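Down below is the structure, laid out as structure tokens.
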Amino acid sequence: MTRPPWDEYFGKLAIEVASRSTCDRKHVGAVIVRDKNILSTGYNGSMRGLKHCSEIGCLIDNGHCIRTIHAEANAIIQAAKHGVSIDNASIYVTASPCFHCFKLIANSGINKIFYLEFYGDEKIIKFASEMGIQLIDLKQS
């Protein structure tokens, strides 16, 4: 058995985290890592205590489901809730972040975004470049 490289390993973990997603439109998982240690995880799902899309359907506004909190936001929220610093960390996501989540990632101090699928917003490329945040396509590496 061959051990997978770290980036592949954390990418596969993000896929596993995505299996907890409760929005049928897109299952997304996120894993925040620093120094090869997992700091936090998140998947897209409804606000705590409320019914999920899988139970009552999506709440669509302007073509997007707004019932869910995105995986990246949930991973950042979980780190904050548990007092875990994510400054200078990396995030592994199954789909590249929307612009809103990108802003959360940028302001949280995460400086590398690894993704398995480019999904959505081209603006993140420009802003990541300006801010020195690395965007890394795991399918290309």
Side-chain angles (χ1 to χ4, degrees), residues 2-141:
T2 304
R3 293 172 67 189
W6 286 107
D7 291 340
E8 181 182 329
Y9 170 72
F10 291 124
K12 287 180 178 178
L13 286 176
I15 292 169
E16 188 63 29
V17 171
S19 71
R20 292 276 309 151
S21 173
T22 59
C23 184
D24 295 329
R25 294 190 59 172
K26 186 118 181 116
H27 291 229
V28 180
V31 179
I32 300 176
V33 174
R34 187 177 50 240
D35 299 326
K36 300 177 184 162
N37 290 294
I38 298 167
L39 303 175
S40 185
T41 65
Y43 55 87
N44 54 327
S46 294
M47 290 180 276
R48 184 178 305 274
L50 297 181
K51 292 192 184 247
H52 296 279
C53 298
S54 57
E55 299 171 294
I56 60 173
C58 293
L59 180 58
I60 304 299
D61 183 18
N62 200 25
H64 300 280
C65 179
I66 60 168
R67 187 178 307 286
T68 62
I69 300 170
H70 290 185
E72 305 93 325
N74 268 329
I76 292 167
I77 291 164
Q78 286 304 308
K81 181 177 179 187
H82 296 288
V84 177
S85 171
I86 55 175
D87 196 35
N88 294 313
S90 300
I91 189 167
Y92 292 79
V93 290
T94 56
S96 61
C98 68
F99 191 60
H100 177 73
C101 286
F102 173 80
K103 292 185 291 184
L104 296 175
I105 290 167
N107 274 12
S108 74
I110 291 172
N111 54 27
K112 288 184 185 175
I113 302 169
F114 294 85
Y115 61 90
L116 290 163
E117 168 194 2
F118 191 82
Y119 181 76
D121 207 324
E122 297 280 334
K123 287 191 296 288
I124 69 170
I125 296 170
K126 174 187 178 296
F127 282 91
S129 176
E130 287 180 20
M131 298 179 74
I133 296 172
Q134 294 180 49
L135 285 173
I136 301 153
D137 184 344
L138 287 170
K139 301 279 187 193
Q140 302 289 322
S141 54

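No experiment lies behind these values; they were computed from the predicted model shown.
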Problem - Heavy-atom pair of closest approach, residues Ala89 and Ile32 - result: CB-CG2, 3.8 Å

Practice task
Identify the heavy atoms of Ala95 and Glu72 that sit nearest to each other, and give their distance.
Solution key: O-OE2, 3.9 Å

Problem - Considering all heavy atoms, the nearest Ile77-Ile69 contact - result: CD1-CG2, 4.3 Å

Problem - Any donor-acceptor N/O pair, Asp35 side chain to Asn37 backbone, under 3.5 Å - result: no

Fill in the blank from the handout: On a heavy-atom basis, the closest approach of Leu13 and Ile38 is CD1-CD1, 3.6 Å

Fill in the blank from the handout: Here the pair of heavy atoms bringing Tyr92 nearest to Ala14 is O-CB, 3.7 Å

Handout entry: Close side-chain approach of Arg20 and Thr41, heavy atoms under 4.5 Å
Key = no

Handout entry: CD1 on Ile133 to CD1 on Ile105, rounded to 0.5 Å
Key = 8.0 Å

Practice task
Over all heavy atoms of both residues, which pair between Ile66 and Asp61 is shortest? Give the atoms and the distance, please.
Solution key: CD1-CB, 3.7 Å

Handout entry: Over 12 non-hydrogen atoms of neighbours within 6.0 angstrom of CD in Glu16
Key = no

Practice task
Enter the distance from Cys23:SG to Leu59:CG here, rounded to the nearest 0.5 Å.
Solution key: 10.0 Å

Handout entry: Check: Gly29 main-chain N/O paired with Thr94 side-chain donor or acceptor under 3.5 Å
Key = yes

Handout entry: Side-chain heavy-atom pair Cys53, Arg25 within 4.5 angstrom cut-off
Key = no

Practice task
For Thr22 and Ser54, indicate whether the former's side chain and the latter's backbone hold a donor-acceptor pair under 3.5 Å.
Solution key: no

Problem - Test item: Ser46 side-chain N/O and Lys51 main-chain N/O as donor-acceptor pair under 3.5 Å - result: yes

Practice task
Measure the spacing between CZ of Arg48 and CG of Asn74 and express it to the nearest 0.5 Å.
Solution key: 8.5 Å

Exercise for the section: Over 60° means perpendicular and under 30° means parallel, so classify the ring planes of Trp6 and Tyr9, tilted if in between. Expected result: perpendicular

Handout entry: Backbone of Ala75 reached by a side-chain donor or acceptor of Ser40 within 3.5 Å
Key = yes

Handout entry: NZ on Lys26 to SG on Cys65, rounded to 0.5 Å
Key = 13.5 Å

Problem - Atom pair CD1 (Ile113) and CD (Gln134), whose distance is rounded to the nearest 0.5 Å - result: 10.0 Å

Handout entry: Side chain Asn44, main chain Val28, donor-acceptor under 3.5 Å
Key = yes

Exercise for the section: Please answer whether the main-chain N or O of Ser85 pairs with a side-chain N or O of Arg34 as donor and acceptor at a distance below 3.5 Å. Expected result: yes

Handout entry: Any Tyr115 side-chain heavy atom under 4.5 Å of Asp137 side chain
Key = yes

Identify each donor-acceptor pair in which a side-chain atom of residues 118-127 lies under 3.5 Å from a protein atom, sequence neighbours left out, and give them as a table.
from, atom 1, to, atom 2, distance (Å)
Asp121, OD1, Lys123, N, 2.9
Asp121, OD1, Lys123, NZ, 3.2
Asp121, OD2, Lys123, NZ, 3.0
Lys126, NZ, Glu130, OE2, 2.5

Handout entry: Separation of Asn111 CG from Asp87 CG (nearest 0.5 Å)
Key = 8.0 Å

